[in-house]
Amino acid sequence: MEDKLRKLIESEDKKNPYTDEQLADMLSMRRDAVTTLRSELNIPDSRERRKPYLVREIKEILLKNKDISNRQLTKIIQERGFEVSRFLVSSTREEIEKESGDFDRKEEMKEQGQEENFQNTQKSRYPEESTAFKNIVGSEGSLKPQIQQAKAAILYPPHGLHTLILGPSGVGKSNLAEAMYDYAVEVGVLPDGAPFIIFNCADYAENPQLLLSQLFGHAKGAYTGAVGPKEGLVEKADGGILFLDEVHRLPPEGQELLYYLMDKGKFRRMGETEVERSANVLIIAATTEDIESALLLTFRRRIPMIIELPPLSERSLDERYEIIRNFFSQEANRIDVRIKVTQEALRALLLYDCPGNIGQLRSDIQVACARSFLTYVGDQKDYLKVDLIDLPAHVRRGLLKIESRKPEVESFLRGDLLVVPGKIDIKAGPKDNLYELPREIYQYIEERFQELEKQGLKQDVINRVIGGELEIKFQQLIRQVETSHQTLAKQDLVGIVGQKVVDMAEEITKIAEKRLGKADEHLFYCLAIHLSATLERIEMGKPIVNPQLEKIRNEYKLEYSIAEEMVKRVEILSGYKLPPDEIGFVAMYIRTVTKPMDMKRGRVGVVVLSHGRVAQGMADVANRLLGVNHAVGIEMSLDEKPESALERTIETVKKADEGKGVLLLVDMGSLITFGEIITKRTGIPTKTVGRVDTVMVLEATRRAILPDAQLDEIVEIIDKDKTGLGRFVPQDSEPKEKRAIITLCITGEGTAVRIKRLIEKMLPGIEEKAEIIPVGIAGDEDVLEKIKKLKSEYDVAAIAGSINPHDNSIPFISLEEIVDGSAAKKLQNIIGGNLPLKNIPADVKIHSPLADVIREELILVEPDYSSKNEVLDGLADLLTKGGYVKDGFLLDIYKREIMGPTLIEGKYAIPHGNPENVIKPAIAIAILKDPIDWWEKNAVDLVFMLAVNEESKEMVLELYDLFKNPDFIAKLRNSKTPADVKGIMLELLL
């Protein structure tokens, strides 16, 4: 049967290879049997067998006409004998363009008659016995495809393929990158001693200038502090590999520079204009983020090899067992002691949820070994025993899952696991591991035990003392893992709070350490930020109130006494008298850092929302300064719909809520209204503060992490007096007393007036708070000039209508929000003054089924279509990709067109398909530049493709009514963008 299969495939049409189903019919076999046999013989499937021939043909066509459309390209390919869809042609074209220069190498070999087994040529270079990947568990199992990709990337001529490694935190991206380097040296692609440079882009993410200097170097005087020329990491990596971890933190300009380096092998140091340098560097990058949104398209296109590593939860239990065994072996090597792991402990380690993946698993095993080592030192046994009680509590909870996977787990547990030092050579990672306990932890336990033993303490007492100390260290480790980035350097902190405050914070931190021992390093940063705000308030004569003062005095007596001493020192150093309330705040910081478990009990969540790439940066700065991972940033792109951003925010708020509610810090616009919507939909208490900046985020986060902070208290403090947070609020020379709301419409002032009346009916009394000014756009009038003029006369509170003028200082309310009634609540929040909401009168039309299905992504204005079939294909493609219709919808359209004309008044086309192929109602619209023949002598320039079902009757009737409006057609024909079309239709529906 194997020979028959091979002969059939050898004789097949290379442009249209046999599918497994066709082969099954010819061989009288089941399809799955054919698939299995083909895989055993290492024969690719039909698509892969056809791909090299298809690629060659497409490449040849593109060389002659790189701007050819996908439709024309598909037509030529089909004429050359390929039975392929336009989708396959367009996706293959994307691959070719993505690989760019790398593709040229393959094609050159093929044109020279070397096309047979190009891949085999590469495989022949693989050494039969490679040791580079042997320490990666799963390299011959679940990770085998990824390892093959890694090898292929290294071996690809002439210098390998730039590679991007994807996967969540802790899956082993750094280890894979180092293994790739080892492999490159092993097979001779790189010489012994070739550089392997590691750079974490997150370390300098808040200082793009310094980040680019680290990467590319700088010339003397390139920026303040650049006292001399400096070589960058790119130059140091010349002739080797540069590994960029967390590459999504690289700013856009850095991605562009790196793209140029990968594309041309050229770069310039910062500040250099004349000199262009060369470097031969293979880039391996890693990220935990979605590359579509986190990385520039140009950057992604230059990285042809993408390797995705799975989370630990998707790995098999036998691989997880091997990983566990290796980590225990590594600990045995570190302390030079045998380790025995009980079956119960192994069960828990195999089953518990481990969101930090392999990195967290290693950390939890180290914690267990450290706890067990304490007993080992006291008992003086010849081995270290790790039992269930030694595991962290969250690991022990893994036993609750035993019933669901009992048979599978028990196959690994034929006894306790015993590991012996020196038996397994486990290589250390390429850098300090985020999840790894300090290497001196065992030495600390041993020395501390001896110290307490000399004091005459019994072993159970010693165990309790050191155990408590270890808990603090373990909690600090957990916070470090959660934070997952480095704290800002002190010089960066100086730039924010000043040298005097930094010196003060260092001195009082030492006072705390005298009483408590070595404090968490984040205590210093928290105190520095806090003192800066406190002293600023005192200088401005503003009160400091701590509502939890009595509770702190009574419950945190040790911390309060230490804080008293620290505050007295601050008074001496600053010359100011501080109130007892301030002592309470300092005590809370000490309590938070030395009792980290309090941080996890009912803190106020902090979510920062902004238009554009701002929020994440502000949240990162606050987190890094305070040593937490508490503030969360959500960034709404300028073309993103508010509905989409709202859904993302709701999910984030759910995660951020710890029972005390969530504070939303927003910049402007529609984001202001998210809080009330979220509370209504989720029941989670929220408060919103607008016009956010970095200092506000820092202050809010600082207060939110305090264990006794309340949502309303934080809002009152940061919203009541924003100038106390270092904010500058500009004042007009002549304050405007009159407030206004602008209603802005494409179709003229008449519709704008109607929107005005609708708002007045929604919110009775609003005219007393703000004058509503209708503005219609006519001819070539400059809408921005009109708004600018009104802003000079009024305090413009909001703009409502069909056109968003994108004035960042004024919230915009869309026509959709007016149509569905949500604008009333939004305006109520913006205007304030407790305006009552009123039920919309029956004579005011609010809901419109047609308005619900008008979407900009389904509207084409002057598309490049010259025939009826192109229009039908294009609009149906929009509906299919958008998930509105099934694949059979286009065939329905053609069947219906054959039956007779689908025209209104012989002028406007309304093609439609059967309801059973409609997933959800929608309308795709094409406004054509020139009329095209539609049916016999009828030519059309307006096409409305209807995806309708049994529930769409009202929607269709509304559309017919629009066609009766003489203004409708004229205005559509004059529209320039999909937004214009949508605005015109919504306005006329009011």
Side-chain angles (χ1 to χ4, degrees), residues 99 101-102 104-106 108-109 114 118-136 139 146-165 172-201 214-217 229-245 247 257-269 275-286 302-307 425-432:
E99 292 185 5
D102 301 312
D104 295 337
R105 169 65 180 161
K106 287 191 208 175
E108 183 182 344
M109 292 184 70
Q114 302 174 24
F118 173 81
Q119 295 297 330
N120 290 340
T121 303
Q122 301 305 312
K123 290 179 181 178
S124 66
R125 295 182 59 189
Y126 290 177
E128 293 184 5
E129 292 294 333
S130 172
T131 61
F133 298 97
K134 73 172 186 177
N135 284 329
I136 297 181
S139 58
Q146 286 86 345
I147 300 301
Q148 292 298 328
Q149 282 183 282
K151 290 180 177 178
I154 294 298
L155 291 172
Y156 198 91
H159 304 300
L161 296 177
H162 302 299
T163 301
L164 182 60
I165 306 175
K173 299 186 290 294
S174 300
N175 287 335
L176 178 60
E178 190 185 23
M180 291 174 68
Y181 167 78
D182 291 341
Y183 184 71
V185 173
E186 186 178 56
V187 299
V189 170
L190 293 178
D192 288 339
F196 178 61
I197 305 297
I198 299 169
F199 180 68
N200 191 320
C201 300
Q214 291 290 323
L215 270 180
F216 297 100
K230 177 187 174 183
E231 181 183 48
L233 296 180
V234 167
E235 289 173 81
K236 293 179 181 179
D238 188 17
I241 291 176
L242 175 60
F243 174 53
L244 299 176
D245 203 0
V247 71
L257 291 171
L258 207 58
Y259 163 76
Y260 188 74
L261 173 68
M262 291 187 289
D263 193 45
K264 307 293 185 184
K266 305 286 186 181
F267 72 98
R268 285 190 175 96
R269 291 180 179 177
V275 180
E276 190 170 61
R277 301 172 184 269
S278 299
N280 178 19
V281 179
L282 182 66
I283 301 294
I284 301 178
R302 204 60 192 87
I303 302 185
M305 181 62 76
I306 297 179
I307 303 175
D425 179 23
I426 299 178
K427 186 176 179 181
K431 58 177 181 174
D432 291 337

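FYI, the numbering just counts along the sequence from 1.
To the nearest 0.5 angstrom, Lys236 atom NZ is 11.0 Å from Phe199 atom CZ. Distance CD1/Ile197 to OH/Tyr181: 9.0 Å, rounded to 0.5 Å. Separating the CE atom in Met305 from the NE2 atom in His162 is a distance of 12.5 Å, to the nearest 0.5 Å. Note that OG1 of Thr163 and CZ of Phe243 are 11.0 Å apart. Values are rounded to the nearest 0.5 Å. Taking NZ of Lys230 as the reference point, atom CD of Gln214 lies at 3.5 Å (rounded to 0.5 Å). Note that the CD1 atom of Ile307 and the CG atom of Leu176 stand 5.5 Å from one another [nearest 0.5 Å].
Looking at heavy atoms from C-beta onward, Leu190 lies out of side-chain contact with Ile154 at the 4.5 angstrom threshold. Here the side chains of Leu215 and Leu244 are in contact, with some heavy-atom distance below 4.5 Å. Contact check for Ile303 versus Met262: side-chain heavy atoms found under the 4.5 Å cut-off. When side chains are defined from C-beta on, Leu233 does not count as touching Ile198, because their heavy atoms never get closer than 4.5 Å. Residues Leu258 and Phe216 are in side-chain contact: their nearest non-hydrogen atoms beyond the backbone lie under 4.5 Å apart.
In terms of heavy-atom proximity, Gly239 sits nearest to Ala194 at O-CB, 3.8 Å. When all heavy atoms are compared, the tightest approach of Val185 to Pro191 is CG2-O, 4.0 Å. Residues Gly160 and Leu282 come closest through the heavy atom pair C-CD1, 3.8 Å. The minimum heavy-atom distance linking Val247 with Cys201 is given by the pair CA-SG, 4.0 Å. Considering all non-hydrogen atoms of both residues, Glu178 and Phe196 come closest at CA-CZ, 3.7 Å. Contact detail for Met180 and Ala153: the closest heavy-atom pair is CE-CB, 4.1 Å.
Not one N or O on the side chain of Glu235 forms a donor-acceptor pair closer than 3.5 Å with the backbone of Ala279. Of the possible donor and acceptor atoms, none in the side chain of Asn280 sits under 3.5 Å from a partner among the backbone N and O of Asp238. Judged by distance alone, the side chain of Glu186 and the main-chain N or O of Thr131 form a donor-acceptor pair under 3.5 Å.
Using bins of under 30°, 30° to 60° and over 60° for the plane-to-plane angle, the ring pair Tyr183/Phe133 lands in the tilted bin.
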